[in-house]
Amino acid sequence: MIKTRFAPSPTGNLHIGGARTALFNYLFAKHNNGIFVLRIEDTDIERSKEEYTQDILEGLRWLGILWDEGPLFQRERMDIYREHAYRLLKEGLAYRCYCTPEVLEEKRKNALKEGKKPNYDRTCRDLNMEYPDRPYVIRFKTPLEGQVSFNDIVRGKITFNCEELDDLVILRSDNTPTYNFTVVVDDALMGITHIIRGDDHINNTPRQILIYKALGYSIPEFAHVPLIHGKDRTRLSKRHGATSLLEYKNEGFLPEALMNYLARLGWAYKDQEVFSREELIEKFDLSHVGKSPAIFDMDKLSWLNSYYIKNTDDRTIAKNLEYFLEKEGIAVDRKEKLIPVVKSLKERAKTLKEMASMAAYFFNDNIEYDEKAREKFLTPQTRDILESFLNGFKTLHTLDEASEKKIIEDIVRQTNKKVVDVIQPIRVALTGRTASPGIFEVIDILGRESVEKRIDRAIRWIK
RNA sequence: GGUCCCAUCGUCUAGUGGCCUAGGACGUCGGCCUCUCACGCCGAAAACACGAGUUCGAACCUCGUUGGGACCA
């Protein structure tokens, strides 16, 4: 049974990179009918915050990355780590180190001065006595020589020399375990078979493998996926913009679009660009994950989002639109307008937020005129056009495009103007802007009463 | 600085020794459509980092150089 996990530490929001790591783990597990576990690595009490945990959980739920087990919290498992640390101590695979931070700092400086590596010099490794009254840390006994290598699923064989690794601390003097130790204990105990994580962890892997071996647990498969970079080609961080996945939600992105985008960042399936969740699960594999870092490209995300807006059913979009309209403070009193509005706007909006701002004028007759639009199209010269249109419009028994068109064509003939010159003032009168869906569509959505009210208001405004 | 990793259009990528005159997508530019704005459609520019080798043949294999990144300090 395949088992993967996503193990963020709640020291920050869930960002794009973390979300993609989670996604790959989720897709790989689902593709193989396996289990996806969520584990919160909150051992760093200083920096871990409850709000970050919430952000992570909410972000994953929003994206639809649902976990089968968890969330497990490392803070509740401290005793387990301690037991493991003392077990290694008892078995002679770890040792007590009494060196104080000051001494260590001194040693590090000296080593550096002599041009040596600033590794711990293993003074306490072969100490055969205990000092019951002195504080100590527990260090792992790293083999003095030999190599550790592993077969990374995405990168192939990676080898490290043991001399490069020093005797890392597994339990601090305050009795708290360290990162490289807790991950191993947890992954082993939870039966994780495939560890898919960012390649910033490659350097940790050999130490972890050594710990697996010392503990007598079987070693999982590793797959290190490249990090996501910002435009400046460095690791994605706060200064690259969105710090939380939920900001994308608030900006009006569809979770399906973001998931699709994230999946294609570092992974490809031939020439295919658009994937539903089901298709991703069906087609995802680690062998087509790339090795080089990918740069986050807002333009492409934007394109995918508009694609998904166009191709998602109207009711779903309408529900979202309503949410965004209300968030912008626009009361949606006439809900029956929602679907028609979506129909005409889904081709034009790149995000739901943008759609809401384009939809605002449909829901309130007291529209605001865009300044430039007003100056250009609501003038004494266009008043006649508006009046003619209003008069003609009032005589209509039924509202249909053909007869509305006829009114406009008549005005065109009488005034000797171009169609566009007649329509634009009407458009501004009805929407307040120079750009909108087709004028007959707008009239249809607005309905007789609103149209007359708005044209009339524009005429009075000119006077 | 040490260790490890990486390298195809601006960006995401296809490519696993002959199918490559290097394909697709976003973006850019040009055109068509058109009541505005979009959508859509058509077209264009745009890449195998460099140098050696292996081979009949290399984007693909090997080595080196250069560049980039991550981790540790």
Side-chain angles (χ1 to χ4, degrees), chain A residues 17 104-105 108-109 111-112 115-120 148-150 152 154-166 168 180 197-207 224-236 260-274 287-307 309-311 344-350 354-355 358 373 376-377 401 404-405 408-409 411-412 417-428 430-431 433-443:
Chain A
L104 290 172
E105 184 55 33
R108 195 175 293 135
K109 274 185 191 155
L112 242 26
K116 285 194 242 164
K117 291 187 195 83
N119 284 352
Y120 175 58
V148 189
S149 60
F150 60 100
D152 193 282
V154 335
R155 283 158 207 271
K157 193 173 179 186
I158 299 177
T159 305
F160 288 83
N161 285 319
C162 288
E163 296 106 79
E164 304 297 339
L165 282 18
D166 63 357
L168 80 156
N180 278 303
R197 57 177 19 167
D199 69 8
D200 48 337
H201 287 291
I202 288 183
N203 288 304
N204 286 329
T205 308
R207 304 171 212 284
H224 287 98
V225 306
L227 261 19
I228 296 176
H229 282 183
K231 278 225 185 328
D232 60 356
R233 294 180 180 281
T234 64
R235 199 191 159 134
L236 214 51
N260 193 150
Y261 176 71
L262 253 25
R264 275 290 282 100
L265 206 54
W267 173 80
Y269 184 82
K270 309 223 168 98
D271 281 343
Q272 191 172 342
E273 298 286 348
V274 178
S287 57
H288 285 87
V289 171
K291 298 178 187 176
S292 48
I295 294 172
F296 183 78
D297 180 13
M298 198 60 186
D299 285 334
K300 191 151 186 179
L301 205 212
S302 228
W303 168 76
L304 260 175
N305 199 51
S306 58
Y307 179 91
I309 288 178
K310 282 194 271 289
N311 291 286
S344 69
L345 255 29
K346 68 196 293 195
E347 306 275 280
R348 293 162 224 273
K350 284 208 183 308
E354 192 185 40
M355 186 183 276
M358 293 192 296
K376 195 163 173 203
F377 294 108
E401 184 170 335
E404 289 156 7
K405 206 171 208 160
I408 287 170
E409 279 163 359
I411 300 173
V412 167
K417 284 183 188 293
K418 281 189 254 173
V419 174
V420 59
D421 296 324
V422 174
I423 287 183
Q424 282 305 75
I426 299 173
R427 187 189 310 281
V428 175
L430 294 180
T431 69
R433 336 179 161 191
T434 55
S436 82
I439 198 72
F440 304 110
E441 230 173 298
V442 172
I443 291 172

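All values reported here derive from a predicted model rather than from experimental measurement. In the text below, chain A, chain B and the rest are named by the order of the sequence lines, each starting its count at 1.
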Given the [atom1] atoms of [N] and [M], what is the spacing between them in whole Å?
N: G24(B); M: G64(B); atom1: P; result: 36 Å
N: G31(B); M: A38(B); atom1: P; result: 14 Å
N: U16(B); M: A59(B); atom1: P; result: 13 Å

Could you tell me the separation between the [atom1] atom of [X] and the [atom2] atom of [N], rounded to a whole number of Å?
X: Leu165(A); N: A73(B); atom1: CG; atom2: P; value: 13 Å
X: Leu227(A); N: G68(B); atom1: CG; atom2: P; value: 18 Å
X: His229(A); N: G67(B); atom1: NE2; atom2: P; value: 18 Å
X: Asn260(A); N: U13(B); atom1: CG; atom2: C1'; value: 14 Å
X: Phe296(A); N: U13(B); atom1: CZ; atom2: P; value: 13 Å

Is [X] touching bases, backbone alone, or none of the nucleic acid, heavy atoms closer than 4.0 Å?
X: Pro206(A); value: nothing
X: Lys310(A); value: sugar-phosphate
X: Gly198(A); value: nothing
X: Ile295(A); value: sugar-phosphate

Open item on the list: Has Asn161(A) got a side-chain atom pairing as donor or acceptor with Glu163(A)'s backbone, closer than 3.5 angstrom?
Closed with: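 A pair under 3.5 Å: no.
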- [ ] Output yes when a side-chain donor or acceptor of Arg427(A) lies under 3.5 Å from a complementary backbone atom of Ala435(A), and no otherwise.
- [x]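 No, because the side chain of Arg427(A) does not come within donor-acceptor range (under 3.5 Å) of the backbone of Ala435(A).
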Dump every N/O contact between nucleotides 16-18 of chain B and the protein below 3.5 Å, one line per pair.
none

Task: Results of salt bridge (Lys or Arg N to Asp or Glu O under 4.0 Å) for Glu273(A) - residues two or more places apart only - done: Arg264(A), Lys300(A)
- [ ] Begin with the C-alpha distance, continue with both residues' side-chain angles, and end with the deciding distance and a verdict on side chain to side chain contact (heavy atoms under 4.5 Å, CB included) for Leu168(A) and Tyr120(A).
- [x] CA-CA 8 Å; Leu168(A) 80 156; Tyr120(A) 175 58; over 6 Å; no
Polar atom pairs (N or O), protein with nucleotides 20-25 of chain B, under 3.5 Å:
{"from": "G23(B)", "atom 1": "N2", "to": "Asp271(A)", "atom 2": "OD1", "distance (Å)": "2.8"}
{"from": "G24(B)", "atom 1": "N2", "to": "Arg264(A)", "atom 2": "NH2", "distance (Å)": "3.4"}
{"from": "G24(B)", "atom 1": "N2", "to": "Glu273(A)", "atom 2": "OE2", "distance (Å)": "2.9"}
{"from": "A25(B)", "atom 1": "O4'", "to": "Glu273(A)", "atom 2": "OE2", "distance (Å)": "3.2"}
{"from": "A25(B)", "atom 1": "N3", "to": "Lys300(A)", "atom 2": "NZ", "distance (Å)": "3.2"}

- [ ] Using the test side chain to side chain contact (heavy atoms under 4.5 Å, CB included), find all partners of Lys350(A) that sit at least two apart in sequence or belong to another chain.
- [x]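 With neighbours one apart ignored, the set is Ser302(A), Ser306(A), Glu354(A).
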Task: With Asp421(A) via side chain to side chain contact (heavy atoms under 4.5 Å, CB included) - residues at least two apart - done: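 By the side chain to side chain contact (heavy atoms under 4.5 Å, CB included) rule, Asp421(A) matches Lys417(A), Lys418(A).
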Got a list of protein N/O to nucleotides 3-10 of chain B N/O distances below 3.5 Å?
{"from": "C5(B)", "atom 1": "O2'", "to": "Arg155(A)", "atom 2": "NH1", "distance (Å)": "2.3"}

Open item on the list: Suppose we define a pair by two distances each less than 3.5 Å, Watson-Crick or G-U wobble; what does C63(B) pair with here?
Closed with: G51(B)
